[in-house]
Amino acid sequence: MSGKVEIEEAVNYTPLQRMRHSAAHVMAEAVQEIFPDARFAIGPAIEDGFYYDFDLPRALTPDDLPDIEQRMRRIIAGNHPFTGERWPREKALEYFQKKDQEYKVELIENLPDAEVGMYQQSKFLDLCRGQHVDNTSEIGPIKLMRVAGAYWRGDEHRPMLQRIYGTAWFTQEELDQYLWRLEEAQKRDHRKLGRELKLFTFSDDVSAGVPLFYPRGEMLRHLMENYVRDTQERYGYQHVWTSHIGKVRLYKTSKHWYTYRENMFPIMKGEQETSEDDAFILKPMNCPHHITLFKSQMHSYRELPIRYAEFATLYRYEKTGTLTGLARVRSLTQDDAHVFMRPDQIQEEFNNAVNLTAEVFSTYGLSDYYVRLSLRDPKKKEDYVGGDEVWDEAESSLRSAVEGRHITYELGIGEAAFYGPKVDFMVRDALGREWQCATVQLDLNQPMNFELEYIGEDGQPHRPVMIHRAVTGSTERFMAMIIEHFAGAFPVWLSPVQAMIIPIADRHQDYAYKVLEQLKAAGIRAEVDIRSERMNAKIRDAQLQKIPYMLVVGDKEAAAEAVSVRLRTNVDLKSIAVKDLIERVTGIARSKSFEL
RNA sequence: GCCGAAGUAGCUCAGUGGUAGAGCAACGGUUUUGUAAACCGUCGGUCGUCAGUUCAAUCCUGACCUUCGGCUCCA
């Protein structure tokens, strides 16, 4: 087997990825033309494009991109072949040391092989494991998208490099289509829709990352929470309430004080509290509180599992740079639950939690998500709390719970928490960013910290195990996803305003209010638009608010006890008797169908 | 937190070293309307905050606040 084949097998790029990766090399050459002293880090193909990380003598601005792009086009048009060869490690090391390319040197130092790949196009020679197009002319239409900071190796303790993101496609049409897709995605950005649909806002005077919900946004959260609440009750959960504050000592017992403190708001210490232990904290999580509830009573093995759920608002001091609309906030409402159980109940409880989550996701019509299953590293068992027996059982239970649902999942060996394996449900937002929503985690550690016990069949105390789980995760983040998923056009059961009654002229207002009363009595969320506007304007506004039903009422409707129904999909249902409409809407809402 | 960009009326945005405009919204009036924007008028901003430079700052400089893009998809 030749060296070249080995390199190619190591990455196995698709033709498109190969082309994009080649574009990254060309971009590096263009940057080198401008900055001869540039130092180069890595430049992989990524989803939708490529990037390259540079260490440059000055900061790039967006204005630099056109210049770099032009140089790239010139290089591409130069018909330069990509040539690869294998160099002995030492030779490559020496070469890059002499050129002061510290990042390349570090990369080589971490490579185990005796030989490394070196690829050249035009005047640019780079360490690379390969897979390029044969010639620069094969690189399709490119566009540089943005500059961004990126830590070397993603480590915040290492130097900050400058990253240029670009995109490349085989044809101009594909590039145009991609750019159009980006624009469309921006239209469903929940931050934009949140303002337009009057759902929520933020204020500098309140705090970054603390959303304020308007009535329509609150209605949406209320409906979402109620749905999860009803569903988890059906799955055997009981709801509890544990307020918003606690003492430092509680978090010392749970150890969060030592491991989680940077995410906690500063403590509140009054004049009476002489010791730090008695100072107050804003609750960043529920587990210590739920554990306290569990521990305050004796428990028999017969009672287990005990499932405590709570819609609690938690406060976490997230770094400012990570705050993003509702997707990452400082005050979040978790649909959190903790299950206290016997070790022999692990499998059943995992199943229960995964089934619950899958049911909720399917009600929302969510299918673009995957599950990450995090297991322990079998080579480092000593890093984890708890014995093999529990871990093996837990891991295989989790795996079969996930596999039984036919969900796409990825395996993260060594990504388990030290206290137990977990599954996370990952969802993408409109702009392609991934967010963790639901999570199910086994915890072998907190029962030890709090010395939890239940009385077994043998009359002796035994240590329970715990599951932490959240279905929608944080209500706020899930709302962000739902807003983007439906582009603000919520199904009837979730729509804050389900119907807008539109009187054609002032003389129809009395009848409009009569209809409103009937709808309200049937539990339909409706409003009357009494503004002195033309019907067309009222329709347009209701349409832009994505209200499912527009009910136009004029002389004909008033005479017939009817409404003229227009759907937000532009469908005109013509005149329908009020009682028939009520039946239709309540039926659709009850079934949580996506129909209108 | 770090790197870059940005912050002008409720929203979308224009603009200048000599203290600012447009459209939509809001408000007042006229209109009483049949399925995506009626017409006329009025109001509205200490140009993110605080300092500094300057005869003069919304514009230049600095700090802070906030927002946006990003911070391993590893040669």
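In what follows, chains carry the letters A, B, and so on, assigned in the order in which the sequence lines appear, proteins first and then strands, with residues in each chain numbered from 1.
The side chain of A:Arg163 sits closest to B:U72 out of B:U72, B:A37, B:U66. Residue A:Leu127 has its side chain nearest to B:A75 when only B:A75, B:G70, B:G34 are considered. Of the candidates B:G34, B:A36, B:C71, the closest approach to any side-chain atom of A:Arg540 belongs to B:A36. Picking from B:C74, B:A38, B:U33 the nucleotide with the shortest atom distance to the side chain of A:Ile42 gives B:C74.
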Please list, for nucleotides 58-63 of chain B, all pairs of protein and nucleotide N/O atoms separated by less than 3.5 Å.
none

Give me the distances for all protein-to-nucleotides 44-46 of chain B N/O pairs that come in under 3.5 Å?
none

Using a cut-off of under 3.5 Å, enumerate the N/O to N/O pairs linking the protein to nucleotides 7-12 of chain B.
unit_1, atom_1, unit_2, atom_2, d
B:U12, OP1, A:Arg195, NH2, 3.1

Taking only nitrogen or oxygen atoms into account, show me every contact under 3.5 Å that the protein makes with nucleotides 3-6 of chain B, one pair per line with its distance.
unit_1, atom_1, unit_2, atom_2, d
B:C3, O2, A:Gly149, N, 3.2

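Only the C1' atoms considered, B:G45 is 25 Å distant from B:A63, to the nearest whole Å. Comparing B:G1 with B:U53, their P atoms sit 29 Å apart, to the nearest whole Å. Taking atom C1' on both nucleotides, B:G44 is separated from B:C60 by 29 Å, rounded to a whole Å. Of the P atoms belonging to B:U46 and B:A20, the separation is 12 Å, rounded to the nearest Å. With both ends at atom C1', the span from B:A38 to B:U33 equals 9 Å, rounded to whole Å. B:C50 and B:U66: their C1' atoms are spaced 15 Å apart (whole Å).
No cation-pi contact links A:Arg163 to A:Tyr52, judged by a cut-off of 6.0 Å to the six-membered ring centre and 45° from its axis.
Separating the CD atom of A:Gln545 from the C1' atom of B:A36 is a distance of 13 Å, rounded to the nearest angstrom.
Residues that satisfy the ring pair (Phe, Tyr, Trp, His ring centres under 6.0 Å) test with A:Trp257, not counting sequence neighbours, are absent from this structure. Residues meeting the salt bridge (Lys or Arg N to Asp or Glu O under 4.0 Å) test with A:Lys123, sequence neighbours left out: none. The salt bridge (Lys or Arg N to Asp or Glu O under 4.0 Å) check on A:Glu218 picks up nothing, with sequence neighbours excluded. Partners of A:Ile164 by side chain to side chain contact (heavy atoms under 4.5 Å, CB included), not counting sequence neighbours, listed by chain and number: A:Met27, A:Val31, A:Phe54, A:Leu60, A:Leu65, A:Ile68, A:Leu144, A:Val147.
Between A:Gly43 and A:Val565, the residue anchored nearer the 5' end of RNA chain B, judged by the nucleotide with its closest heavy atom, is A:Val565. Mapped onto RNA chain B by nearest heavy atom, A:Glu557 and A:Leu107 fall at different nucleotides, with A:Glu557 at the one closer to the 5' end.
Using a 4.0 Å heavy-atom cutoff across all strands shown, A:Asn536 reaches sugar-phosphate atoms only and no base atom.
Taking the six-membered ring for Trp and thresholds of 30 and 60 degrees, A:Phe200 and A:His190 have ring planes inclined between 30 and 60 degrees apart. Ring orientation note: the planes of A:Phe265 and A:Tyr317 are nearly perpendicular, at an angle over 60° on the 30°/60° scale.
Within the structure, salt bridge (charged side-chain N to carboxylate O under 4.0 Å, His left out) contacts touching residues 548-558 of chain A (residues at least two apart or in different chains) are A:Arg507-A:Asp555. Screening residues 24-37 of chain A for side chain to side chain donor-acceptor pair (under 3.5 Å), with sequence neighbours left out, gives A:His21-A:His25, A:His25-A:His132, A:Glu29-A:Gln121, A:Glu29-A:Ser122, A:Glu33-A:Arg71, A:Glu33-A:Arg74.
Within residues 573-582 of chain A, no residue has any heavy atom closer than 4.0 Å to RNA chain B.
Side-chain polar atoms of A:Tyr165 and A:Asp48 form no donor-acceptor pair below 3.5 angstrom.
At a threshold of 4.0 Å, the pair A:Lys104-A:Asp126 counts as salt-bridged, since one of the basic side-chain nitrogens sits closer than that to a carboxylate oxygen.
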Check: Using Watson-Crick and G-U wobble pairs whose two distances are both under 3.5 Å, how do you write the pairing of RNA chain B as dot-bracket, with | for links to another strand?
Finding: (((((((..((((....[..)))).(((((.......))))).....(((((..]....))))))))))))....

